[in-house]
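When reading the values below, keep in mind they use all heavy atoms of this one structure, side chains included, and skip hydrogens, waters and symmetry mates.
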Amino acid sequence: MINNTSTCAGRYERLSALRETYLNRARESAKLTIPTLIPESGHGVATKFSTPYQGIGARGVNNLASKLLLSLLPPNSPFFQMKIDDFTAEDLAQEEGARAKVDEALNKYERAVMTDIENSGTRSAVFEALKHLIVGGNTLVYLPKEGGARIFPLHRYVVKRDPMGEVLEIIIKEDMSRASLPQDILDLLAEQSPSDESPEDNIPMFTKLYREGNKVKLYQEIDSIIIPDSLGEWPIEKSPMIALRWTRIDGEDYGRSYVEEYLGDLISLEGLSKAVLEASAVSAKVVFMVAPNGTTRAKDIAEVANGGIVSGNAAEVSTLQVDKQADMSVAQSSIQVITERLGYAFLMNSAVQRNGERVTAEEVRYMAGELEDALGGVYSILSQEFQLPFVSRIIDRMTKKKVLPKLPKGVVKPTIVTGLEALGRGHDLNKYNMFLQALAPLGPEVIAQYMNAGDYVKRVGTALGIDMNGLVKDDEQMAQEQQQAEQQAQQQQMMEMAKGAVPAMAKEGAGMAREAVQPQQG
C-alpha cells in the first residue's frame, strides 16, 4: 500500500481546490451556450439540463469551433512543414536539383501524416476539444498508442504548471466499473485491499502524468494501488497528453475562455430573451370580456361553436389587450444590438455581411479577414501548445509502427504554419510568384539562362501540397524525350533530303540520257 499523502487521490483533491474558481466560471459560460459541455457536479445519465432562452451562444460556439477546426486542421493541405536546418539546406543547394527532391520527399512525408490523422477520426475529437476551449477555456487531449484521441473536460482532470507555463503534472479521474477491469487487476485489488463490493459498482481510477528531467512519465492508480502494466515514459515533446488552454496567463495553471470575455452580453441577451418570450406568451393569450350588466351572456360566448350564432350586443364584448408594444420594441432593439455584437465576436456570416442589395464578394472577404485577424493570438497559442505537440506525437506513433521512416535527429523537424494566409504552403507560393514577377523585366531569355525551370515547377507543386508523382517529368524522362525528339528531327531531315534527292537524281539521269543520244544522232 502507498502512503495516502502521496496517492493520486489525495493529490487530485488538493489540486481540485485550485481548479474550483475556473470550473465555476466554465459552468456559468456553459449554461448560456451548451450546458452539456461542462455540467454541474453530481450529474448522471438522468440529469435534466437547463435550456437557454436564446440560441446565439450555442450557434456562436459551434460556428467559431468549425472555423478554428478548418484553420488548425485544413482538409486539403498539411498544417505543418517538415523543414531542414539551414546548414543542410546550404549543402543541398550546391547540388543541382537536390533541394527540390528533398522538398518533394518531405511533402510525401507530410501527406502520409495527414492521411493517418484523417483515417483515425481525430478531427471530430479536435472539434470537441475546441468547443471546450471556447466555453471552458481548458481541455485535455489524450493520444493513445493507436486510434484517435480522447477529450477530457475540465471537471475530470487537474493540471499543475511551472511559472513558464510548462506542464509539470496532470491527473485524470475516471469512474470505472469493476466488471470492465481485467482479471489480473481485480486479483491485485482483492489481494491488496479486500472488498465486498459487487462487480457493478464503480471505482475511481486515476491516471497521472508528471515531468521528470527531460521525460514525462505516466502511471495509473486504483484504490491507492499502482497498476504495473500502465507505466510508461516519453520525451517531453512527444507526450501523449496535451493540456490546452484558450488564453495564457502567467502564474496561472488554467486558462480563461472566449465565452467568458462576452459573458455580460450573453447574460443580458438571456434575460431579455426570457422577458420577451414570456411577454409574447402573455400577449398571445386571447381573453374575451363581457359587460356585466349587458344582454350578452358570457356562457353563450364561451360555448358557441366557430361560426355559430348567439343573441347579444357586440358593443358589450371586448378583447383584453396588454398594450406593451412600446416596451416590447425597446427590448427587441436591445436584443438586436446584442445579437449583432455577439455575431461579430463569434465570426458569424450574418454579422460579417451587411444588409444591402449589392454586397461584393471582396467586401465580405475583407470584413471576414478583419474579424479573423483578431484571433491571431489564439492561433499562436494553439500552434505552440496544440499543433506542434500533436503532430510530434502522431509522427512518433507512426515511426514506432514503422509506417514512416525515421528522420535524422536535429536535421528535420516539423514547423507549424497556421493563421489565415499562412495555412499550408501559401507563404512559400507567394514568395515564388513574387520572385518570378521581379525577374520578369529582365526578359524570358535572361530568366531561362539563370533559372532552373524544372526545379521551380517542383517547388511550386510542393508549396501547393500536390502529389508530384507522375505529374511532373523527372530528369531521366526529360532526357529520353529530348533524345527521341532529336532522333525524330534527324529522321525528318533525312526524309526531306531523300525527297529532294530523288528529283535531282531523275533530272541528272535525263540529262545524261540526252547527252548519250545526241552523239548518235550526229
**OP:** Run through Leu404, Ile394, Val403 and flag the one making a side-chain contact (heavy atoms from CB on, under 4.5 Å) with Asp116.
**Re:** Ile394
Subject >> Spacing of Asp223 atom CG and Ile203 atom CD1 [to the nearest 0.5 Å] >> reply: 4.5 Å
Subject >> Worked verdict on Leu37 versus Ile34 for side-chain contact (heavy atoms from CB on, under 4.5 Å) >> reply: CA-CA 6 Å; Leu37 274 180; Ile34 307 176; 3.9 Å; yes
Subject >> Side chain proximity check, Ile338 to Tyr262, heavy atoms < 4.5 angstrom >> reply: no
Original post:
Taking it one step at a time, do Arg393 and Asp396 satisfy side-chain contact (heavy atoms from CB on, under 4.5 Å)?
Top reply: CA-CA 5 Å; Arg393 173 61 176 163; Asp396 181 58; 3.6 Å; yes
Subject >> Tyr157 side-chain N/O to Thr139 backbone N/O, donor-acceptor pair under 3.5 Å >> reply: yes
Subject >> Residues Asp162, Arg211; criterion side-chain contact (heavy atoms from CB on, under 4.5 Å); working and verdict >> reply: CA-CA 11 Å; Asp162 63 11; Arg211 191 171 72 182; 3.4 Å; yes
**OP:** Find the distance between OH (Tyr258) and CG (Leu68) and round it off to the nearest 0.5 Å.
**Re:** 9.5 Å
Original post:
Salt bridge check: are Arg161 and Asp253 linked by an N-O gap of less than 4.0 Å?
Top reply: no
**OP:** Indicate yes or no: at least one non-hydrogen side-chain atom of Thr7 is less than 4.5 angstrom from one of Glu221.
**Re:** yes
Original post:
Are any of the side-chain heavy atoms of Leu269 and Thr339 separated by less than 4.5 Å?
Top reply: yes
**OP:** Check each of Arg245, Arg256, Glu252 against Tyr22 using the side chain to side chain donor-acceptor pair (under 3.5 Å) test, and report the only one that passes.
**Re:** Glu252
Subject >> Heavy-atom check, side chain of Arg25 versus side chain of Ser257, under 4.5 Å >> reply: no
Subject >> Pair Arg150 + Glu174: basic N to acidic O under 4.0 Å >> reply: yes
Original post:
What distance separates Met82 CE from Thr415 OG1, expressed to the nearest 0.5 Å?
Top reply: 8.0 Å
Original post:
Can you check whether Leu154 reaches Tyr254 side chain to side chain, under 4.5 Å on heavy atoms?
Top reply: yes
**OP:** If the plane angle is over 60° it's perpendicular, under 30° parallel, otherwise tilted; pick one for Tyr219 and Tyr210.
**Re:** perpendicular
**OP:** Determine, stepwise, if the pair Ser66 / Leu70 fulfils side-chain contact (heavy atoms from CB on, under 4.5 Å).
**Re:** CA-CA 6 Å; Ser66 298; Leu70 291 177; 5.7 Å; no
Original post:
Which atom pair, heavy atoms only, marks the closest approach of Arg27 to Ile38?
Top reply: CG-O, 3.5 Å
Original post:
In Å, rounded to the nearest 0.5 Å, how long is the span from CD of Gln336 to CD of Gln332?
Top reply: 8.5 Å
Subject >> Asn63 versus Arg59, side-chain donor and acceptor atoms under 3.5 Å >> reply: no
**OP:** Measure across Ile134 and Val61 and return the closest heavy-atom pair with its distance rounded to 0.1 Å.
**Re:** CD1-O, 3.9 Å
Original post:
Between Arg123 and Glu118, is there a salt bridge with N-O shorter than 4.0 Å?
Top reply: yes
Subject >> Closest non-hydrogen atom pair between Met398 and Ala112, with its separation >> reply: CE-O, 3.6 Å
Original post:
With the threshold set at 4.0 Å, does a side-chain nitrogen-carboxylate oxygen contact exist between Glu40 and Lys31?
Top reply: yes
Original post:
Got more than 12 heavy atoms from elsewhere within 6.0 Å of NZ, Lys401?
Top reply: yes
Original post:
So, Gln54 side chain and Leu32 main chain: donor-acceptor pair closer than 3.5 Å or not?
Top reply: yes
**OP:** Nearest 0.5 Å please: distance from the CD1 atom of Ile222 over to the CZ atom of Phe206.
**Re:** 10.0 Å
**OP:** State the CD1-CZ distance between Ile395 and Arg397, to the nearest 0.5 angstrom.
**Re:** 11.5 Å
**OP:** Give the minimum heavy-atom separation between Ala149 and Val141, together with the two atoms involved.
**Re:** CB-CG1, 4.1 Å
Subject >> Considering all heavy atoms, the nearest Ser29-Val259 contact >> reply: CB-CG1, 3.6 Å
Original post:
Are any of the side-chain nitrogens in Glu169 or Arg11 under 4.0 Å away from the carboxylate oxygens of its partner?
Top reply: yes
Original post:
Do Glu270 side-chain atoms and Tyr53 backbone N/O form a donor-acceptor pair below 3.5 Å?
Top reply: yes
Subject >> Minimum side-chain heavy-atom gap Met241-Phe152 below 4.5 Å >> reply: no
**OP:** Determine the minimum heavy-atom distance between Lys131 and Asn62, stating which atoms define it.
**Re:** CD-OD1, 3.3 Å
**OP:** Check whether any side-chain heavy atom of Ile242 sits under 4.5 Å from a side-chain heavy atom of Glu385, and report yes or no.
**Re:** no
Original post:
Taking atom types as modelled, is there a side-chain donor on Ser392 or Glu237 under 3.5 Å from an acceptor on the other?
Top reply: no
**OP:** Could you verify whether a donor N or O on one side chain and an acceptor N or O on the other, from Tyr12 and Arg19, lie under 3.5 Å apart?
**Re:** yes
Original post:
Can you check whether Gln220's main-chain N or O pairs, donor with acceptor, with Ser230's side chain at less than 3.5 Å?
Top reply: yes
Original post:
Are side-chain heavy atoms of Ser239 and Trp234 found at a separation under 4.5 Å?
Top reply: no
